[in-house]
Amino acid sequence: MSAGDGDDGVRVGGDDERGDRAYHAFWADEVADRVEARDPEEPVVVKGGVSPSGVPHAGHVNEALRGYYVASVLRERDHDVRQVFTSDDRDPLRSIPYRLMTLDGEYVERDGFDVGALGRNLGRPLTDVPDPLGCCDSFGAHQTALLRQAVDAVGVPVDFYSATALYEDGAFADVAADLLARPAEVRALLAEFQDSVDADGDYWPFRPRCESCGIVTGGVRSFDADTRTVRYVCEDIEAGDRTIEGCGHEGVADLTEGKLPWRFEWPAQWAHFRVDFEPFGKDHAEGSWPSGQEIARDLLDVEPPEPLVYEWFTLDGAALSSSSGNVITAGELLELVESDALRYFFAKEPRKQRDLAVASLDGLVDEFDRFERAYFRGVDAADPDQGAAGADPATAERAYPYVLDPRRVPAAATSAADDPGTVDATLDRVAAADPDPADFGRLRAFLEGVFRERVRVPYRFAAVLGMTERADVREEIARREGHLPDDAPAWAVDLALDRVDHARAWADRTGNRFDYRVERGALPDVDVDGDVAAALAEVASVVANGGDGEAVQGELYEAADRHGVEAADVFEAGYRLFFGDDEGPRLGPFLADLDREFVVARLRRER
RNA sequence: GGGCCGAUAGCUCAGUCAGGGAGAGCGACGGCCUCUUAAGCCGUCGGUCGGGGGUUCAAAUCCCUCUCGGCCCGCCA
């Protein structure tokens with residue numbers, strides 16, 4: 001069959017049956033199909049997890065959002081879904097971070113915290129390491145708090161778990177005891193995956209915390225099934241390219257004091273939470289995932305979750321790396337773009353390598369805007385965006401209601417609905433990941449009704465509007481340039497202009513050509529030639545007399561002409577006076593929009 | 001060495017599952033509004049769809065192969 005036959009039919013809800021295979025325009029629908037095919041018990045459990053050793057960065061929210069989209073699809077299909085997220089904070093401290101972050105999102109470099117104190121705690125569980133910034137119970141608790149902030153910031157509601165708390169509660173004790181009771185089976189299985197494990201060797205699937213020196217050590221010698229304890233000798237442990245010395249202490253640990261090696265900890269989590277679906281980065285895909293599946297099925301009698309391998313993204317062309325400083329946090333990104341756009345980035349095809357370029361964030365926001373337009377346009381309408389990225393209406397139809405951040409829908413918009421209370425309650429439940437079965441239908445109806453009137457100002461234009469702090473001037477310029485329809489409701493105008501501060505921060509951070517700002521303070525120190533000054537004084541008169549933008553713009557040229565100077569010199573002087581820069585926006589209309597008194601005085605260089 | 005994933009315009013990316021016209025935005029370039037300054041409008045340039053081979057009437061799309069990149073096969077997650 002070919003598309004040229006013209007009888008492919010309309011894609012209903014983005015879905016199309018071909019034989020026994022369902023095509024889905026949105027990847028999360030395909031994953032949800034596979035989860036449903038398992039016939040899971042309710043609630044369906046979606047899990048994610050991160051080791052919080054470094055500053056939690058934008059890559060970590062990828063894990064949370066991938067799970068969120070699948071959870072959302074399943075919820076719309078009337079499943080009860082629980083999304084859990086673990087902070088694997090019993091992992092040992094393996095290296096000294098290059099920098100830390102306060103709970104307020106400020107970076108702290110190595111000269112700002114006690115490196116030695118961390119160094120003396122290498123090898124200990126993160127939750128046993130004192131917080132170098134002093135605000136939390138432990139370094140692990142601090143990092144976990146940051147991770148939680150990041151997940152919250154993108155609007156993914158999860159049941160958050162500390163691995164240490166889980167161990168202390170004995171959540172993994174049964175699995176650990178089960179595995180330790182049959183070391184030969186464990187060794188035989190793991191030997192297939194790890195050269196370092198010998199099927200006839202002395203490997204034990206548990207790493208006790210030394211009761212003497214506190215490191216997460218190896219050295220298990222035996223397991224006592226009656227007391228559910230291991231005997232161990234504290235041994236050296238390898239951490240990257242360094243060795244952390246064990247103390248040689250001979251001791252006994254019970255199964256809440258220590259941890260499972262990751263390859264076992266992961267299946268233990270599946271068993272404990274009864275996980276049905278879990279996304280993970282490609283680093284796991286060929287490592288712990290294959291062994292984890294076998295451990296789960298053959299040793300624990302647990303069906304592994306449905307997997308989703310997602311690609312890592314690069315930041316400005318290079319891998320995210322704490323040590324090289326090439327990181328960006330979710331919080332930083334959310335200063336630059338609205339949460340909807342960031343959520344959109346992680347709604348795109350997961351298996352594709354892509355670059356997140358800060359300098360090109362405007363392109364991401366443009367793409368989100370096309371995606372949103374495609375949703376409102378619908379599958380049957382003509383497509384002004386043609387084949388542009390993000391503009392496929394079938395994908396937008398499925399994904400947009402999940403991508404749109406329900407927390408950002410203005411209350412004034414819901415109050416315009418036929419039944420505001422119902423819509424508010426729906427949005428609250430969706431935002432809290434606890435929707436009623438009919439909520440997605442109500443959400444879609446609201447979006448296609450009231451929210452259809454939302455307005456987006458182009459991101460680069462929003463950056464330009466950021467040149468002035470004054471909300472009334474921003475709105476006036478946006479209206480004049482046709483970015484705010486006359487009949488747009490007030491909430492839509494406010495929502496559109498919310499973008500300005502983000503885009504302004506982007507222009508500021510990248511120092512790009514949209515990075516100009518009105519110098520409202522002291523008169524900039526500008527040398528102005530006498531003829532240019534005279535020309536500017538005449539422009540000032542036009543402004544003082546209430547000339548509109550076009551009149552001021554014309555006067556800039558005409559005054560230059562009358563005084564025998566190049567228009568370019570008049571413009572440059574103007575840009576220097578108002579922006580401290582030698583270029584800027586179209587000057588006449590801009591000056592006409594600012595408060596007249598200030599403009600007149602500045603043109604006369606009085607203040 | 002073995003494996004998984006990827007490669008489409010200068011940049012960021014759609015399109016690949018289901019074969020049929022190579023696309024978008026940005027950038028660049030040119031033009032327009034009494035006006036060199038765009039944040040508006042119009043237009044142009046820009047691609048052997050990483051290379052090669054195969055299947056087919058037809059391949060960015062399916063198959064094989066090679067190259068390059070990321071990751072895994074140690075630790076850790």
Side-chain angles (χ1 to χ4, degrees), chain A residues 1-5 8 16 18-19 21-25 27 30 49-54 88 91-92 94-95 193-197 237-242 261-263 265-266 280-291 309-314 317 319 348-357 359-367 369-371 383-392 395 457-465 467 477-478 480-483 513-514 550 553-558 560-561 566-568 570-572 574-575 582-590:
Chain A
M1 166 131 1
S2 75
D5 293 344
D8 291 340
D16 187 8
R18 287 289 172 92
R21 301 177 65 185
Y23 168 79
H24 292 296
W27 57 269
E30 296 181 12
V50 164
S51 181
S53 49
D88 298 329
D91 294 355
R94 301 174 64 251
S95 60
F193 296 94
Q194 290 194 290
D195 292 344
S196 61
V197 175
I237 58 176
E238 303 294 325
D241 53 2
R242 86 175 75 202
W262 168 247
R263 282 174 190 265
E265 185 174 279
W266 202 15
F280 47 87
K282 61 178 179 177
D283 53 336
H284 291 310
E286 296 295 317
S288 46
W289 169 247
S291 63
V309 179
Y310 59 82
E311 262 294 339
W312 287 352
F313 64 90
T314 53
K348 287 154 67 78
E349 165 60 43
R351 298 196 66 114
K352 190 140 177 161
Q353 296 178 182
R354 48 175 41 95
D355 188 48
L356 182 68
S360 303
L361 279 175
D362 53 328
L364 174 65
V365 179
D366 288 347
E367 194 179 323
D369 288 348
R370 279 195 299 273
F371 171 71
D383 179 3
D385 293 321
Q386 297 174 28
D392 175 31
T395 306
V457 295
Y459 185 77
R460 285 171 297 280
F461 181 72
V464 170
L465 291 180
M467 67 191 166
I477 296 173
R480 191 188 64 226
E481 296 294 334
H483 290 297
R513 68 190 177 86
F514 305 107
E550 291 309 308
Q553 182 76 1
E555 179 65 10
L556 282 161
Y557 287 94
E558 288 161 20
D561 209 33
E566 294 291 327
V570 176
F571 275 99
E572 184 178 333
Y575 289 126
D582 57 7
E583 59 181 15
R586 195 175 198 219
L587 203 49
F590 175 74

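In what follows, chains are A, B, ... by sequence order, proteins preceding strands, each numbered from 1.
- For B:C62, the paired base is B:G54 (Watson-Crick or G-U wobble, both distances below 3.5 Å).
- For B:G1, the paired base is B:C73 (Watson-Crick or G-U wobble, both distances below 3.5 Å).
- When the C1' atom is used for both B:G43 and B:C33, the distance is 16 Å, rounded to whole Å.
- Between B:A7 and B:G15, the two P atoms lie 11 Å apart (nearest whole Å).
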For nucleotides 25-30 of chain B, just jot down a letter per nucleotide in 5' to 3' order: B, S or -, based on protein non-hydrogen atoms under 4.0 Å.
SSS---
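- Across all strands shown, B:C17 forms no Watson-Crick or G-U wobble pair with both distances under 3.5 Å.
- Between the P atoms of B:C72 and B:C62, the separation comes to 27 Å (whole Å).
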Could you list, one pair per line, each protein nitrogen or oxygen that sits under 3.5 Å from a nitrogen or oxygen of nucleotides 32-35 of chain B, together with the distance?
| unit_1 | atom_1 | unit_2 | atom_2 | d |
| --- | --- | --- | --- | --- |
| B:C35 | O2 | A:Gln553 | NE2 | 3.3 |
| B:C35 | N3 | A:Arg586 | NH2 | 3.2 |
| B:C35 | N4 | A:Glu550 | OE1 | 3.1 |

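- Partners of A:Glu311 by salt bridge (Lys or Arg N to Asp or Glu O under 4.0 Å), not counting sequence neighbours, listed by chain and number: A:Lys282.
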At a cut-off of 3.5 Å, list every protein nitrogen or oxygen paired with a nitrogen or oxygen from nucleotides 60-63 of chain B, distance to 0.1 Å.
none

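- The distance from atom CD of A:Glu30 to atom C1' of B:A18 is 12 Å, rounded to the nearest whole Å.
- Atom CH2 of A:Trp262 is separated from atom C1' of B:C72 by 15 Å (rounded to the nearest Å).
- Using atom P as the reference point in both B:C66 and B:C5, the two lie 16 Å apart (nearest Å).
- Mapping A:Met467 and A:Asp91 onto RNA chain B by nearest heavy atom places A:Met467 at the nucleotide closer to the 5' end.
- The nucleotide B:A28 finds its pairing partner in B:U44, both defining distances of the Watson-Crick or G-U wobble pair being shorter than 3.5 Å.
- Comparing the C1' positions of B:C29 and B:C45 gives an interatomic distance of 7 Å, to the nearest angstrom.
- Comparing the C1' positions of B:C49 and B:A60 gives an interatomic distance of 5 Å, to the nearest angstrom.
- Distance A:Glu349 CD to B:C5 P: 12 Å, rounded to the nearest Å.
- With sequence neighbours excluded, the residues that form a salt bridge (Lys or Arg N to Asp or Glu O under 4.0 Å) with A:Asp366 are A:Arg460.
- Using modelled atom types and a 3.5 Å distance limit, the side chains of A:Ser288 and A:Trp266 yield no donor-acceptor pair.
- Here the separation of B:G27 from B:C13, taken at their C1' atoms, is 14 Å to the nearest Å.
- Judged by Watson-Crick or G-U wobble contacts below 3.5 Å, the nucleotide B:C35 has no partner.
- Surrounding CD of A:Glu349 are more than 12 heavy atoms belonging to other residues, nucleotides or ligands, all under 6.0 Å away.
- Of the residues near RNA chain B, A:Lys348 and A:Val197, the one whose nearest nucleotide (by heavy atom distance) lies more toward the 5' end is A:Lys348.
- Rounding to whole angstrom units, CZ of residue A:Phe280 and P of B:C71 are separated by 17 Å.
- We find that CG of A:Leu556 is positioned 14 Å from P of B:A38, with the value rounded to whole Å.
- Remark: P of B:C13 and CZ of A:Phe371 are 17 Å apart, rounded to the nearest angstrom.
- Rounded to whole angstrom, the span from the NE2 atom of A:His284 across to the C1' atom of B:G3 amounts to 18 Å.
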Passes side-chain contact (heavy atoms from CB on, under 4.5 Å), A:Trp262 versus A:Asp88? Steps please.
CA-CA 10 Å; A:Trp262 168 247; A:Asp88 298 329; 3.8 Å; yes
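- Within 4.0 Å (heavy atoms only), A:Ile477 reaches at least one base atom of the nucleic acid.
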Is there any protein nitrogen or oxygen under 3.5 Å from a nitrogen or oxygen in nucleotides 6-11 of chain B, and what are the pairs?
| unit_1 | atom_1 | unit_2 | atom_2 | d |
| --- | --- | --- | --- | --- |
| B:A7 | OP1 | A:Lys352 | NZ | 2.8 |

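- We find that CH2 of A:Trp289 is positioned 18 Å from P of B:A77, with the value rounded to whole Å.
- The separation of B:G51 from B:A59, taken at their C1' atoms, amounts to 16 Å, rounded to a whole angstrom.
- With B:A39, B:G74, B:A77 as the candidates, the nucleotide lying closest to the side chain of A:Ser51 is B:A77.
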